[in-house]
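Keep in mind it's a predicted model, so treat the numbers as computed, not measured.
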Amino acid sequence: TPLAGWATGNVQNFSSMFKDCVSLEDQSPIRNWNTAAANNMSYMFAGCSNLKYLDLSQWNMKGRGMSLTGMLDGCGDLTQIKTGESTVLAGTGLSDNLEGHGKSDGSWSRDDSAAAVDGVWADSSSKLADLYPAGGNSLTPATYTWEEVVRGRFDSNQGVWWEYNLNTHTLTIGYDGTDGNTHVQEDANHLPWGSLAPPDAGGQGIKSVLPKLVFQDSSLNVDGLKVEVDNPAGWFAGYSAMTEADVASMDVSAATSLAGIFSGATSLETLTGTEEWNTSNVVDFSSAFQGDQELVSLDISSWNLVGHDV
């Protein structure tokens with residue numbers, strides 16, 4: 001593009017330069033513009049509703065009283081952002097309020113090469129903006145890609161993550177912490193995905209559309225550890241769309257109750273991994289699988305049920 005060759009070293013004001021340019025899909029041809037003198041990039045790409053690729057890795061966006069207000073307002077088709085040491089995203093309009101980029105729409109993930117230095121990272125639009133404040137950052141240049149995967153972590157343990165893939169409709173739970181603590185204490189009423197209303201749920205909750213549950217194979221978790229669920233009673237009760245669940249890497253050894261854990265999972269056909277559960281502390285097994293009429297087989301051969309509420 002001819003714009004790539006523009007001498008911009010003395011330009012101070014880029015405000016609204018490409019505003020409402022709906023034909024703009026890729027900004028990367030001008031990634032090498034010299035923005036050293038710039039102090040205003042407000043609304044620069046506002047309304048560029050088809051902009052997909054944004055490369056800010058070479059732009060100086062910090063200091064000099066820089067205004068970035070609304071720079072990315074209305075850029076609802078963004079799929080990739082490249083960052084550098086002088087990138088600023090805070091205040092640009094990149095947030096959970098950006099159309100198509102809210103917490104229930106998906107999340108951003110950092111590329112593997114940068115993750116090898118700064119660690120694996122995947123989170124919301126607002127959290128991405130927080131990584132790049134006005135004062136600058138100390139992160140390795142990275143590429144962030146928007147994925148239709150909703151992600152989060154447990155309030156009781158930030159080392160345990162969860163993700164819901166909007167394409168495969170799979171809920172996966174795993175561990176990537178550093179202290180060896182894999183315990184989560186949330187009960188059924190406080191699950192971090194509990195309020196999630198996926199776009200395909202027709203206004204209903206995740207229980208009505210989730211067909212598959214996976215506790216990530218412990219060999220893929222940090223130190224090969226399983227996720228320890230302290231209060232699993234009722235966790236997956238009423239998940240009427242669930243047909244398959246792999247819970248081999250779910251550790252219930254600290255739990256005292258499994259009551260209603262899968263009750264009302266009326267479509268559940270395959271449940272694997274229960275034979276590996278240590279239920280030595282469990283005293284209440286009541287209604288654990290009540291109403292699961294499609295369940296083909298259930299291996300609880302290792303469970304001690306004698307003398308307990310079943």
Side-chain angles (χ1 to χ4, degrees), residues 45-46 48-49 51-57 61 68-84 87-112 114-115 117-178 184 186 190-201 203 205-206 209-210 216 227:
F45 299 103
C48 294
S49 55
L51 180 61
K52 295 178 174 62
Y53 307 105
L54 188 65
D55 188 343
L56 303 173
S57 60
M61 302 172 67
L68 298 169
T69 302
M71 181 183 180
L72 301 177
D73 280 0
C75 295
D77 208 25
L78 275 177
T79 57
Q80 187 180 90
I81 300 176
K82 292 187 177 182
T83 62
T87 298
V88 176
L89 293 175
T92 62
L94 180 68
S95 74
D96 295 339
N97 294 321
L98 182 63
E99 181 181 359
H101 290 73
K103 289 183 177 181
S104 293
D105 299 312
S107 56
W108 295 93
S109 65
R110 179 185 289 154
D111 66 286
D112 292 340
V117 179
D118 294 321
V120 175
W121 185 93
D123 216 315
S124 67
S125 297
S126 291
K127 290 294 182 64
L128 175 55
D130 289 344
L131 291 181
Y132 295 89
N137 69 89
S138 58
L139 298 171
T140 301
T143 299
Y144 294 89
T145 302
W146 179 256
E147 299 175 327
E148 291 186 330
V149 178
V150 183
R151 296 179 169 99
R153 294 181 179 274
F154 285 78
D155 289 338
S156 65
N157 188 344
Q158 291 292 295
V160 180
W161 53 265
W162 64 273
E163 66 176 37
Y164 175 68
N165 189 305
L166 293 166
N167 293 312
T168 64
H169 311 293
T170 301
L171 176 66
T172 306
I173 301 169
Y175 170 73
D176 62 4
T178 58
V184 292
E186 282 78 358
H190 297 90
L191 296 176
W193 59 83
S195 61
L196 183 64
D200 58 359
I206 192 172
V209 294
L210 174 69
Q216 179 172 264
V227 175

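- Side chain of Gln158 to main chain of Arg153: no donor-acceptor pair is present (N/O by atom type, distance under 3.5 Å, no hydrogens or angles).
- Without hydrogens or angle criteria, Asn137 side chain to Gly84 main chain gives a donor-acceptor distance under 3.5 Å.
- Between the side chain of Asn157 and the backbone N or O of Phe154 there is no donor-acceptor pair closer than 3.5 Å.
- We find the CG-CG distance between Asp77 and Leu98 to be 10.0 Å, quoted to the nearest 0.5 Å.
- Classified by interplanar angle (parallel below 30°, tilted 30° to 60°, perpendicular above 60°), the ring pair Tyr164/His169 is tilted.
- Classified by interplanar angle (parallel below 30°, tilted 30° to 60°, perpendicular above 60°), the ring pair Trp108/His101 is parallel.
- Two residues are said to be in side-chain contact when any heavy atoms from C-beta on lie closer than 4.5 Å; Leu139 and Tyr132 meet this criterion.
- Atom NZ of Lys52 has more than 12 heavy atoms from other residues, nucleotides or ligands within 6.0 Å.
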- Query: Given the rule in the side-chain hydrogen bond (donor to acceptor under 3.5 Å, both in side chains) test, do Gln216 and Thr172 qualify, once you have shown the distances and angles that lead to the verdict?
  - Reply: CA-CA 6 Å; Gln216 179 172 264; Thr172 306; over 6 Å; no

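- Atom OG1 of Thr87 and atom CG of Leu131 lie 11.5 Å apart (nearest 0.5 Å).
- Taking the side chain as every heavy atom from C-beta outward, Val160 and Ile173 approach each other to under 4.5 Å.
- Of the possible polar contacts, none joining the Thr92 side chain to the Leu68 backbone as a donor-acceptor pair under 3.5 Å is found.
- Heavy atoms of other residues, nucleotides or ligands lying less than 6.0 angstrom from CG of Asn167 number more than 12.
- Leu89 contributes atom CG, which lies 6.5 Å from atom CG of Leu56 (distance to the nearest 0.5 angstrom).
- Of the possible polar contacts, one joining the Ser126 side chain to the Asp96 backbone as a donor-acceptor pair under 3.5 Å is found.
- Interatomic distance, CZ of Arg151 versus NZ of Lys127, reported as 13.5 Å (0.5 Å rounding).
- Atom CH2 of Trp146 sits about 6.0 Å away from atom OG of Ser107, to the nearest 0.5 Å.
- Between Phe45 and Leu54 there is a side-chain heavy-atom pair separated by less than 4.5 Å.
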